[in-house]
Amino acid sequence: MEKLRDFRYQGVELKNSLWERQRRETIETYLAIPNDSLLHIFRKTAGLDAPGESLMGWYGNGASTFGQKLGAFAKLYAVTGDYRLKEKAVFLAEEWGRCAAASAKTIDCNGTYVYEKLLGGFLDMYEFLHYEPALAYISALTDSAARRFKRDIPRDGLQGPELCDNDMIEWYTLPENLYRAYLLTGEKKYLDFAREWDYTYLWDKLNAHDSAIGPRHAYSQVNSFSSAAMAYLATGDKKYLDAAENGYALVTEKHTYATGGYGPAECLFADEKGFLGEMLKDSWDPTKNGAVYRNFGGGMVPRNDNWGSCEVSCCAWAVFKICNYLLRITGKAKYGDWAEQMLINGVAGQPPIDSEGHVMYYAGYFVDGAVKSLEDRRLFTAPILNGSAAPGPFPRMWRNMPT
(Lines give C-alpha, C1' and ligand atoms only; values in the text may rest on other atoms or scores of the structure.)
Protein backbone atom coordinates (compact mmCIF):
# COMPACT_ATOMS: atom_id res chain seq x y z
CA MET A 1 0.00 0.00 0.00
CA GLU A 2 3.03 2.29 0.48
CA LYS A 3 5.58 2.75 -2.31
CA LEU A 4 8.16 4.45 -0.08
CA ARG A 5 9.21 4.16 3.54
CA ASP A 6 10.25 7.15 5.62
CA PHE A 7 13.15 7.19 8.07
CA ARG A 8 10.96 7.00 11.19
CA TYR A 9 12.98 9.82 12.75
CA GLN A 10 16.25 7.89 12.46
CA GLY A 11 19.16 7.54 10.07
CA VAL A 12 19.56 11.24 9.25
CA GLU A 13 22.25 13.42 10.81
CA LEU A 14 22.18 17.21 10.88
CA LYS A 15 25.55 18.88 10.51
CA ASN A 16 26.35 22.28 12.03
CA SER A 17 23.71 24.46 10.39
CA LEU A 18 20.63 26.57 10.92
CA TRP A 19 18.55 23.39 11.13
CA GLU A 20 20.76 21.80 13.78
CA ARG A 21 20.85 25.02 15.77
CA GLN A 22 17.07 25.34 15.67
CA ARG A 23 16.66 21.76 16.86
CA ARG A 24 19.21 22.18 19.64
CA GLU A 25 17.64 25.42 20.88
CA THR A 26 14.18 23.87 20.81
CA ILE A 27 15.33 20.84 22.80
CA GLU A 28 16.98 22.95 25.47
CA THR A 29 13.98 25.28 25.71
CA TYR A 30 11.51 22.45 26.22
CA LEU A 31 13.73 20.47 28.57
CA ALA A 32 13.93 23.58 30.75
CA ILE A 33 10.16 23.69 31.36
CA PRO A 34 9.67 22.55 34.98
CA ASN A 35 7.94 19.19 35.29
CA ASP A 36 5.86 20.54 38.15
CA SER A 37 4.49 23.24 35.86
CA LEU A 38 3.64 20.78 33.09
CA LEU A 39 1.87 18.53 35.60
CA HIS A 40 0.30 21.18 37.82
CA ILE A 41 -3.16 21.16 36.29
CA PHE A 42 -3.40 17.36 36.27
CA ARG A 43 -2.29 17.03 39.89
CA LYS A 44 -4.69 19.75 40.95
CA THR A 45 -7.57 18.13 39.06
CA ALA A 46 -6.79 14.77 40.67
CA GLY A 47 -6.63 16.28 44.17
CA LEU A 48 -2.93 15.48 44.57
CA ASP A 49 -0.20 17.69 45.91
CA ALA A 50 0.56 20.19 43.14
CA PRO A 51 3.83 22.03 43.82
CA GLY A 52 5.08 24.84 41.64
CA GLU A 53 3.01 27.02 39.35
CA SER A 54 0.96 26.20 36.30
CA LEU A 55 2.05 27.42 32.90
CA MET A 56 0.25 30.30 31.23
CA GLY A 57 -0.64 31.05 27.63
CA TRP A 58 -2.12 28.29 25.48
CA TYR A 59 -0.99 25.62 27.92
CA GLY A 60 -2.75 27.32 30.80
CA ASN A 61 -6.15 26.46 29.35
CA GLY A 62 -6.49 22.80 30.28
CA ALA A 63 -2.88 21.85 29.46
CA SER A 64 -4.08 21.55 25.88
CA THR A 65 -0.59 20.91 24.48
CA PHE A 66 0.61 18.30 27.01
CA GLY A 67 0.14 15.50 24.49
CA GLN A 68 2.03 17.42 21.83
CA LYS A 69 4.95 17.86 24.22
CA LEU A 70 5.04 14.14 24.99
CA GLY A 71 5.11 13.45 21.27
CA ALA A 72 7.85 16.00 20.68
CA PHE A 73 10.05 14.51 23.41
CA ALA A 74 9.52 10.98 22.01
CA LYS A 75 10.31 11.94 18.41
CA LEU A 76 13.27 14.12 19.34
CA TYR A 77 14.69 11.24 21.37
CA ALA A 78 14.31 8.96 18.34
CA VAL A 79 16.18 11.55 16.27
CA THR A 80 18.97 12.41 18.68
CA GLY A 81 19.27 9.63 21.26
CA ASP A 82 19.44 12.36 23.93
CA TYR A 83 18.40 10.37 26.99
CA ARG A 84 17.21 13.49 28.82
CA LEU A 85 14.28 13.64 26.42
CA LYS A 86 13.21 10.05 27.09
CA GLU A 87 13.65 10.50 30.83
CA LYS A 88 11.46 13.62 30.87
CA ALA A 89 8.77 12.07 28.68
CA VAL A 90 8.54 8.90 30.77
CA PHE A 91 8.43 10.84 34.04
CA LEU A 92 5.65 13.10 32.74
CA ALA A 93 3.66 10.13 31.44
CA GLU A 94 4.05 8.22 34.70
CA GLU A 95 2.87 11.21 36.71
CA TRP A 96 -0.06 11.74 34.36
CA GLY A 97 -0.95 8.09 34.87
CA ARG A 98 -0.79 8.58 38.64
CA CYS A 99 -3.24 11.47 38.31
CA ALA A 100 -5.55 9.37 36.13
CA ALA A 101 -5.50 6.58 38.73
CA ALA A 102 -6.31 9.04 41.50
CA SER A 103 -9.26 10.68 39.75
CA ALA A 104 -11.36 9.88 36.69
CA LYS A 105 -11.60 13.64 36.11
CA THR A 106 -8.11 13.50 34.62
CA ILE A 107 -9.47 11.40 31.77
CA ASP A 108 -13.06 12.61 31.59
CA CYS A 109 -12.31 16.34 31.31
CA ASN A 110 -10.92 16.16 27.76
CA GLY A 111 -12.82 17.45 24.74
CA THR A 112 -12.05 16.50 21.15
CA TYR A 113 -9.03 18.77 20.78
CA VAL A 114 -7.18 17.73 23.94
CA TYR A 115 -8.15 14.07 23.60
CA GLU A 116 -6.69 13.92 20.10
CA LYS A 117 -3.45 15.53 21.25
CA LEU A 118 -3.13 13.15 24.22
CA LEU A 119 -3.88 10.19 21.95
CA GLY A 120 -1.16 11.27 19.52
CA GLY A 121 1.39 11.90 22.27
CA PHE A 122 0.89 8.53 23.95
CA LEU A 123 0.96 6.75 20.59
CA ASP A 124 4.30 8.46 19.89
CA MET A 125 5.59 7.23 23.24
CA TYR A 126 4.45 3.70 22.47
CA GLU A 127 5.85 3.69 18.93
CA PHE A 128 9.15 5.52 19.44
CA LEU A 129 9.96 4.90 23.11
CA HIS A 130 8.31 1.47 23.41
CA TYR A 131 6.48 2.78 26.45
CA GLU A 132 3.94 0.01 27.09
CA PRO A 133 1.74 1.80 29.69
CA ALA A 134 0.69 4.19 26.93
CA LEU A 135 -1.64 1.50 25.58
CA ALA A 136 -3.67 1.49 28.79
CA TYR A 137 -3.80 5.29 28.75
CA ILE A 138 -5.07 5.56 25.18
CA SER A 139 -7.62 2.83 25.88
CA ALA A 140 -9.01 4.64 28.92
CA LEU A 141 -9.04 7.99 27.11
CA THR A 142 -10.86 6.49 24.13
CA ASP A 143 -13.44 4.69 26.27
CA SER A 144 -14.13 7.98 28.05
CA ALA A 145 -14.40 9.88 24.76
CA ALA A 146 -16.79 7.28 23.32
CA ARG A 147 -19.05 7.70 26.35
CA ARG A 148 -19.03 11.48 26.45
CA PHE A 149 -18.59 12.99 22.99
CA LYS A 150 -21.68 14.52 21.47
CA ARG A 151 -22.58 12.79 18.21
CA ASP A 152 -25.41 15.04 17.01
CA ILE A 153 -23.25 18.02 16.09
CA PRO A 154 -23.04 19.83 12.74
CA ARG A 155 -20.66 17.81 10.57
CA ASP A 156 -19.78 20.53 8.07
CA GLY A 157 -16.63 21.69 9.85
CA LEU A 158 -17.83 25.15 10.89
CA GLN A 159 -16.41 26.00 14.31
CA GLY A 160 -19.70 27.48 15.49
CA PRO A 161 -21.19 27.84 18.99
CA GLU A 162 -22.54 24.29 19.21
CA LEU A 163 -19.08 22.81 18.71
CA CYS A 164 -17.41 25.34 20.99
CA ASP A 165 -19.95 25.03 23.79
CA ASN A 166 -19.67 21.23 23.78
CA ASP A 167 -15.86 21.17 23.57
CA MET A 168 -16.02 19.45 20.17
CA ILE A 169 -13.77 21.69 18.08
CA GLU A 170 -11.71 20.19 15.25
CA TRP A 171 -13.48 16.84 15.68
CA TYR A 172 -12.54 15.95 12.09
CA THR A 173 -8.87 15.57 13.06
CA LEU A 174 -9.76 12.63 15.34
CA PRO A 175 -9.59 9.89 12.68
CA GLU A 176 -5.86 10.19 12.02
CA ASN A 177 -4.65 9.01 15.39
CA LEU A 178 -7.60 6.64 15.89
CA TYR A 179 -6.81 4.83 12.64
CA ARG A 180 -3.17 4.89 13.70
CA ALA A 181 -4.09 3.33 17.05
CA TYR A 182 -5.92 0.59 15.18
CA LEU A 183 -2.90 -0.11 12.95
CA LEU A 184 -0.54 -0.19 15.94
CA THR A 185 -2.71 -2.31 18.24
CA GLY A 186 -5.13 -4.21 16.03
CA GLU A 187 -7.98 -3.30 18.40
CA LYS A 188 -11.20 -2.84 16.45
CA LYS A 189 -12.66 -0.28 18.84
CA TYR A 190 -10.24 2.31 17.45
CA LEU A 191 -11.26 1.51 13.88
CA ASP A 192 -14.95 1.79 14.75
CA PHE A 193 -14.50 5.05 16.64
CA ALA A 194 -12.38 6.50 13.83
CA ARG A 195 -15.10 5.82 11.28
CA GLU A 196 -17.58 7.77 13.39
CA TRP A 197 -15.57 10.93 12.78
CA ASP A 198 -14.83 10.66 9.07
CA TYR A 199 -15.10 14.16 7.60
CA THR A 200 -17.43 13.21 4.75
CA TYR A 201 -18.64 16.77 4.15
CA LEU A 202 -15.20 17.96 3.06
CA TRP A 203 -13.87 14.72 1.61
CA ASP A 204 -16.95 14.16 -0.57
CA LYS A 205 -16.72 17.72 -1.88
CA LEU A 206 -13.05 17.24 -2.69
CA ASN A 207 -13.77 14.03 -4.55
CA ALA A 208 -16.58 15.72 -6.47
CA HIS A 209 -14.23 18.61 -7.29
CA ASP A 210 -16.75 20.91 -5.63
CA SER A 211 -14.84 23.92 -4.32
CA ALA A 212 -17.92 25.58 -2.78
CA ILE A 213 -16.82 24.54 0.68
CA GLY A 214 -17.26 27.77 2.63
CA PRO A 215 -14.99 29.47 5.17
CA ARG A 216 -13.33 26.87 7.40
CA HIS A 217 -10.49 26.85 9.94
CA ALA A 218 -7.35 26.66 7.82
CA TYR A 219 -4.82 24.54 9.69
CA SER A 220 -7.30 21.92 10.82
CA GLN A 221 -8.79 21.52 7.33
CA VAL A 222 -5.36 20.67 5.94
CA ASN A 223 -4.78 18.52 9.01
CA SER A 224 -7.91 16.58 8.11
CA PHE A 225 -6.24 15.51 4.86
CA SER A 226 -3.95 13.42 7.07
CA SER A 227 -7.02 11.81 8.62
CA ALA A 228 -8.09 10.82 5.10
CA ALA A 229 -4.64 9.45 4.30
CA MET A 230 -4.54 7.38 7.48
CA ALA A 231 -8.06 6.12 6.76
CA TYR A 232 -6.75 4.86 3.42
CA LEU A 233 -3.82 3.10 5.10
CA ALA A 234 -6.19 1.45 7.58
CA THR A 235 -8.95 0.43 5.16
CA GLY A 236 -7.52 0.43 1.65
CA ASP A 237 -10.54 2.41 0.42
CA LYS A 238 -9.29 4.61 -2.41
CA LYS A 239 -11.89 7.33 -1.80
CA TYR A 240 -9.82 8.41 1.19
CA LEU A 241 -6.60 8.67 -0.82
CA ASP A 242 -8.45 10.55 -3.56
CA ALA A 243 -9.71 13.07 -0.98
CA ALA A 244 -6.19 13.63 0.36
CA GLU A 245 -4.71 14.12 -3.11
CA ASN A 246 -7.56 16.34 -4.28
CA GLY A 247 -7.28 18.42 -1.10
CA TYR A 248 -3.56 18.86 -1.65
CA ALA A 249 -4.17 19.98 -5.24
CA LEU A 250 -6.97 22.41 -4.35
CA VAL A 251 -5.08 24.17 -1.57
CA THR A 252 -1.71 24.38 -3.31
CA GLU A 253 -3.20 25.56 -6.60
CA LYS A 254 -5.76 28.07 -5.33
CA HIS A 255 -5.28 28.87 -1.65
CA THR A 256 -1.57 29.40 -0.93
CA TYR A 257 0.83 32.31 -1.11
CA ALA A 258 4.17 32.07 -2.91
CA THR A 259 5.75 31.10 0.43
CA GLY A 260 3.54 28.02 0.79
CA GLY A 261 1.68 29.72 3.64
CA TYR A 262 -2.09 29.62 3.70
CA GLY A 263 -5.11 30.59 5.77
CA PRO A 264 -4.98 34.36 6.45
CA ALA A 265 -6.86 35.01 9.70
CA GLU A 266 -6.85 31.19 10.00
CA CYS A 267 -9.53 31.07 7.29
CA LEU A 268 -9.49 28.74 4.29
CA PHE A 269 -11.99 28.31 1.43
CA ALA A 270 -13.41 31.78 2.07
CA ASP A 271 -16.54 32.82 0.18
CA GLU A 272 -15.10 36.25 -0.60
CA LYS A 273 -13.69 36.59 -4.10
CA GLY A 274 -9.99 37.45 -4.04
CA PHE A 275 -9.72 36.68 -0.30
CA LEU A 276 -5.99 35.84 -0.40
CA GLY A 277 -5.09 39.08 -2.13
CA GLU A 278 -7.46 41.18 -0.04
CA MET A 279 -5.88 39.90 3.16
CA LEU A 280 -2.51 41.22 2.01
CA LYS A 281 -3.91 44.72 2.45
CA ASP A 282 -3.74 46.44 5.83
CA SER A 283 -6.98 47.05 7.70
CA TRP A 284 -6.72 50.78 6.99
CA ASP A 285 -6.10 50.35 3.24
CA PRO A 286 -8.85 52.35 1.45
CA THR A 287 -8.80 49.91 -1.49
CA LYS A 288 -9.84 47.00 0.69
CA ASN A 289 -13.23 45.49 -0.12
CA GLY A 290 -15.42 45.97 2.94
CA ALA A 291 -14.70 46.17 6.65
CA VAL A 292 -15.87 42.68 7.59
CA TYR A 293 -15.66 39.10 6.35
CA ARG A 294 -17.18 35.74 7.26
CA ASN A 295 -14.83 33.67 9.38
CA PHE A 296 -14.44 29.96 10.07
CA GLY A 297 -17.08 30.09 12.80
CA GLY A 298 -19.70 31.40 10.40
CA GLY A 299 -19.78 34.88 11.98
CA MET A 300 -19.21 38.26 10.38
CA VAL A 301 -16.10 39.75 11.95
CA PRO A 302 -14.06 42.93 11.43
CA ARG A 303 -10.88 42.70 9.44
CA ASN A 304 -8.01 42.42 11.85
CA ASP A 305 -4.34 42.21 10.88
CA ASN A 306 -3.54 40.64 14.26
CA TRP A 307 -4.59 37.20 13.04
CA GLY A 308 -1.76 37.10 10.50
CA SER A 309 -1.41 35.55 7.06
CA CYS A 310 -0.36 32.05 8.08
CA GLU A 311 -0.53 30.23 11.42
CA VAL A 312 2.97 29.17 10.59
CA SER A 313 3.84 26.59 13.27
CA CYS A 314 0.54 24.70 13.03
CA CYS A 315 0.19 25.15 9.29
CA ALA A 316 3.71 23.83 8.63
CA TRP A 317 3.01 20.76 10.77
CA ALA A 318 -0.14 19.95 8.79
CA VAL A 319 1.78 20.33 5.52
CA PHE A 320 4.68 18.14 6.64
CA LYS A 321 2.28 15.38 7.63
CA ILE A 322 0.19 15.27 4.47
CA CYS A 323 3.30 15.50 2.29
CA ASN A 324 4.81 12.57 4.20
CA TYR A 325 1.69 10.46 3.72
CA LEU A 326 1.35 11.22 0.02
CA LEU A 327 5.04 10.68 -0.69
CA ARG A 328 4.95 7.31 1.05
CA ILE A 329 1.69 6.14 -0.49
CA THR A 330 2.14 7.36 -4.07
CA GLY A 331 5.89 7.66 -4.48
CA LYS A 332 5.31 10.89 -6.42
CA ALA A 333 8.10 13.41 -5.90
CA LYS A 334 5.78 16.37 -6.44
CA TYR A 335 4.39 15.87 -2.96
CA GLY A 336 7.67 17.08 -1.50
CA ASP A 337 7.24 20.57 -2.98
CA TRP A 338 4.88 22.05 -0.39
CA ALA A 339 6.90 20.65 2.50
CA GLU A 340 10.04 22.23 1.06
CA GLN A 341 8.33 25.61 0.78
CA MET A 342 7.13 25.52 4.37
CA LEU A 343 10.48 24.24 5.66
CA ILE A 344 12.37 27.13 4.10
CA ASN A 345 9.84 29.95 4.44
CA GLY A 346 8.05 28.79 7.57
CA VAL A 347 10.51 26.92 9.81
CA ALA A 348 13.81 28.47 8.67
CA GLY A 349 12.22 31.90 8.59
CA GLN A 350 11.36 31.91 12.29
CA PRO A 351 13.37 33.87 14.83
CA PRO A 352 14.57 31.84 17.84
CA ILE A 353 12.19 30.97 20.68
CA ASP A 354 12.96 33.23 23.62
CA SER A 355 13.69 32.11 27.18
CA GLU A 356 10.04 32.54 28.22
CA GLY A 357 8.76 30.32 25.43
CA HIS A 358 7.49 33.01 23.09
CA VAL A 359 7.50 31.86 19.48
CA MET A 360 6.56 33.46 16.18
CA TYR A 361 3.04 32.10 15.84
CA TYR A 362 1.95 34.00 12.73
CA ALA A 363 3.71 34.96 9.54
CA GLY A 364 2.29 38.33 8.49
CA TYR A 365 2.48 39.20 4.79
CA PHE A 366 1.31 42.60 3.57
CA VAL A 367 1.53 44.59 0.36
CA ASP A 368 3.70 47.17 2.09
CA GLY A 369 5.91 44.77 4.04
CA ALA A 370 5.92 41.84 6.42
CA VAL A 371 5.83 41.28 10.18
CA LYS A 372 7.92 38.91 12.29
CA SER A 373 7.28 39.01 15.99
CA LEU A 374 7.45 36.76 19.04
CA GLU A 375 4.41 38.60 20.41
CA ASP A 376 0.97 37.25 19.68
CA ARG A 377 -0.68 40.39 18.34
CA ARG A 378 -4.18 39.07 19.06
CA LEU A 379 -3.56 40.06 22.67
CA PHE A 380 -3.79 43.69 21.62
CA THR A 381 -7.20 45.30 21.45
CA ALA A 382 -8.70 45.92 18.01
CA PRO A 383 -11.92 47.96 17.99
CA ILE A 384 -15.17 46.71 16.52
CA LEU A 385 -15.89 48.81 13.45
CA ASN A 386 -18.92 51.09 14.02
CA GLY A 387 -20.52 48.39 16.10
CA SER A 388 -21.38 46.64 12.83
CA ALA A 389 -19.72 43.33 13.57
CA ALA A 390 -19.31 41.11 16.56
CA PRO A 391 -16.30 38.91 17.18
CA GLY A 392 -16.55 35.18 16.95
CA PRO A 393 -17.82 32.68 17.37
CA PHE A 394 -14.38 31.30 18.11
CA PRO A 395 -13.30 28.10 19.84
CA ARG A 396 -13.37 28.21 23.61
CA MET A 397 -9.59 28.41 23.89
CA TRP A 398 -9.67 31.74 22.05
CA ARG A 399 -12.75 33.29 23.58
CA ASN A 400 -11.05 35.11 26.42
CA MET A 401 -8.82 37.02 24.05
CA PRO A 402 -9.78 40.68 23.45
CA THR A 403 -11.07 41.46 19.98
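Counting from 1, the numbers follow the sequence of the chain as shown.
Shown are Tyr248, Trp338, Tyr219; of these, the ring pair (Phe, Tyr, Trp, His ring centres under 6.0 Å) with Tyr262 is made only by Trp338.
Under the ring pair (Phe, Tyr, Trp, His ring centres under 6.0 Å) criterion, Tyr9 pairs with Phe128, not counting sequence neighbours. In this structure, Tyr179 has no ring pair (Phe, Tyr, Trp, His ring centres under 6.0 Å) partners at least two apart in sequence or on a different chain. Take Leu276 and apply the side-chain contact (heavy atoms from CB on, under 4.5 Å) test, not counting sequence neighbours, and it matches Tyr257, Pro264. Here His40 pairs with nothing under the ring pair (Phe, Tyr, Trp, His ring centres under 6.0 Å) rule; sequence neighbours left out. For Lys254, the side-chain contact (heavy atoms from CB on, under 4.5 Å) partners are Leu250, not counting sequence neighbours.
Side chains of Trp197 and Thr112 form no contact here, defined as non-hydrogen atoms less than 4.5 Å apart. In this structure, Phe225 and Leu202 have side chains that are in contact, with non-hydrogen atoms separated by less than 4.5 Å. In this structure, Phe122 and Leu141 have side chains that are in contact, with non-hydrogen atoms separated by less than 4.5 Å. Contact check for Leu18 versus Arg21: side-chain heavy atoms found under the 4.5 Å cut-off. Taking the side chain as every heavy atom from C-beta outward, Asp82 and Leu76 never approach each other to under 4.5 Å. The shortest distance between side-chain heavy atoms of Tyr240 and Met230 does not fall below 4.5 Å. For the pair Leu70/Asp124, no side-chain contact is recorded, criterion being any heavy-atom separation below 4.5 Å from C-beta on. Annotation: side chain of Ser224 is in contact with side chain of Trp203 (closest heavy-atom distance under 4.5 Å).
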Q: Begin with the C-alpha distance, continue with both residues' side-chain angles, and end with the deciding distance and a verdict on salt bridge (charged side-chain N to carboxylate O under 4.0 Å, His left out) for Lys205 and Asp156.
A: CA-CA 11 Å; Lys205 278 184 172 287; Asp156 61 2; over 6 Å; no
**Q.** Worked check of side chain to side chain contact (heavy atoms under 4.5 Å, CB included) between Ile138 and Tyr126
**A.** CA-CA 10 Å; Ile138 66 171; Tyr126 175 70; over 6 Å; no
**Q.** ring-ring contact (aromatic ring centres under 6.0 Å, His included) assessment of Phe42 paired with Phe66
**A.** CA-CA 10 Å; Phe42 301 118; Phe66 182 77; 4.7 Å; yes
Q | Glu127/Arg8 under salt bridge (charged side-chain N to carboxylate O under 4.0 Å, His left out): CA gap, chis, key distance, verdict | A | CA-CA 10 Å; Glu127 184 171 2; Arg8 308 309 297 153; 2.5 Å; yes
Q.
Test side chain to side chain contact (heavy atoms under 4.5 Å, CB included) on Glu2 and Leu233; report intermediate values, then the result.
A. CA-CA 8 Å; Glu2 295 184 45; Leu233 291 174; 3.8 Å; yes
**Q.** side chain to side chain contact (heavy atoms under 4.5 Å, CB included) assessment of His255 paired with Phe269
**A.** CA-CA 7 Å; His255 296 280; Phe269 308 132; 3.7 Å; yes
(Q) Would Phe149 and Tyr115 count as a ring-ring contact (aromatic ring centres under 6.0 Å, His included) here? Give the steps. (A) CA-CA 11 Å; Phe149 285 179; Tyr115 161 68; 5.7 Å; yes
Q. So Glu196 and Arg155, salt bridge (charged side-chain N to carboxylate O under 4.0 Å, His left out) or not? Walk me through it.
A. CA-CA 11 Å; Glu196 285 196 50; Arg155 296 296 183 114; 5.5 Å; no
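Under the 3.5 Å distance criterion, the side-chain polar atoms of Arg24 are left unmatched by any main-chain donor or acceptor of Trp19. Judged by distance alone, the side chain of Arg303 and the main-chain N or O of Met279 form no donor-acceptor pair under 3.5 Å. Side chain of Ser220 to main chain of Tyr172: no donor-acceptor pair is present (N/O by atom type, distance under 3.5 Å, no hydrogens or angles). In terms of modelled atom types and a separation under 3.5 Å, the side chain of Thr142 and the main chain of Ser139 share no donor-acceptor contact. Side chain of Asp354 to backbone of His358: a donor-acceptor contact under 3.5 angstrom is found. Using modelled atom types, no side-chain atom of Arg328 and backbone atom of Lys3 make a donor-acceptor pair closer than 3.5 Å.
Ion pairing of Lys288 with Glu272 is absent here, as no side-chain N (NZ or NE/NH1/NH2) approaches a carboxylate O to less than 4.0 Å. Using a cutoff of 4.0 Å between basic side-chain nitrogens and carboxylate oxygens, Asp204 and Lys239 are not scored as salt-bridged. Contact check on Lys281 versus Asp368 returns no salt bridge, with no Lys/Arg side-chain nitrogen under 4.0 Å from an Asp/Glu carboxylate oxygen. A salt bridge is absent between Lys273 and Glu278; no separation between the charged side-chain nitrogens and carboxylate oxygens falls under 4.0 Å. Note on Glu94 versus Arg98: no salt bridge recorded, every NZ/NE/NH1/NH2 to OD/OE distance being 4.0 Å or above. With respect to the salt-bridge test (charged N to carboxylate O, under 4.0 angstrom), the residues Lys332 and Glu245 qualify. At a threshold of 4.0 Å, the pair Asp49-Lys44 does not count as salt-bridged, since none of the basic side-chain nitrogens sits closer than that to a carboxylate oxygen.
Contact between Ser144 and Ile107 at its shortest, heavy atoms only, is CB-CG2, 3.5 Å. In terms of heavy-atom proximity, Tyr365 sits nearest to Cys310 at OH-CB, 4.1 Å. The two residues Pro351 and Leu374 come nearest to each other via the heavy atoms CG-CD2, 3.8 Å. Scanning both residues, Ala218 and Gly263, for their nearest heavy atoms gives CB-CA, 3.5 Å. When all heavy atoms of Ser37 and Glu53 are compared, the closest pair comes out as OG-O, 2.7 Å. Here the closest non-hydrogen pair linking Met168 and Ile153 is CE-CD1, 3.8 Å.
A donor-acceptor contact under 3.5 angstrom links the side chains of Tyr361 and Glu311, judged on distance only. Side-chain contact of His217 with Glu266: a donor-acceptor pair under 3.5 Å is present, judged by distance alone. Using modelled atom types and a 3.5 Å distance limit, the side chains of Tyr201 and Arg216 yield a donor-acceptor pair.
Classified by interplanar angle (parallel below 30°, tilted 30° to 60°, perpendicular above 60°), the ring pair Tyr131/Tyr137 is tilted. Ring orientation note: the planes of Tyr83 and Tyr77 are nearly perpendicular, at an angle over 60° on the 30°/60° scale.
In this structure, Lys117 satisfies the cation-pi test against Tyr113, with its NZ or CZ atom closer than 6.0 Å to the six-membered ring centre and inside 45 degrees of the ring normal.
Tyr325 has its ring centre no less than 6.0 Å from the ring centre of Tyr335. Side-chain rings of Trp171 and Tyr199 approach one another, their centers coming within less than 6.0 Å.
Within 6.0 Å of CD in Glu132 there are more than 12 heavy atoms belonging to other residues, nucleotides or ligands. Within a 6.0 Å radius of CZ in Arg151, more than 12 heavy atoms belonging to other residues, nucleotides or ligands are found.
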Report all side-chain donor-acceptor pairs from residues 29-36 shorter than 3.5 Å, counting only partners two or more places apart or in another chain.
from, atom 1, to, atom 2, distance (Å)
Thr29, OG1, Glu25, O, 2.8
Asn35, OD1, Lys88, NZ, 2.7
Asp36, OD1, Arg43, NH1, 2.7

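The distance from the NE2 atom of His209 to the CG atom of Asp242 is 8.0 Å, given to the nearest 0.5 Å.
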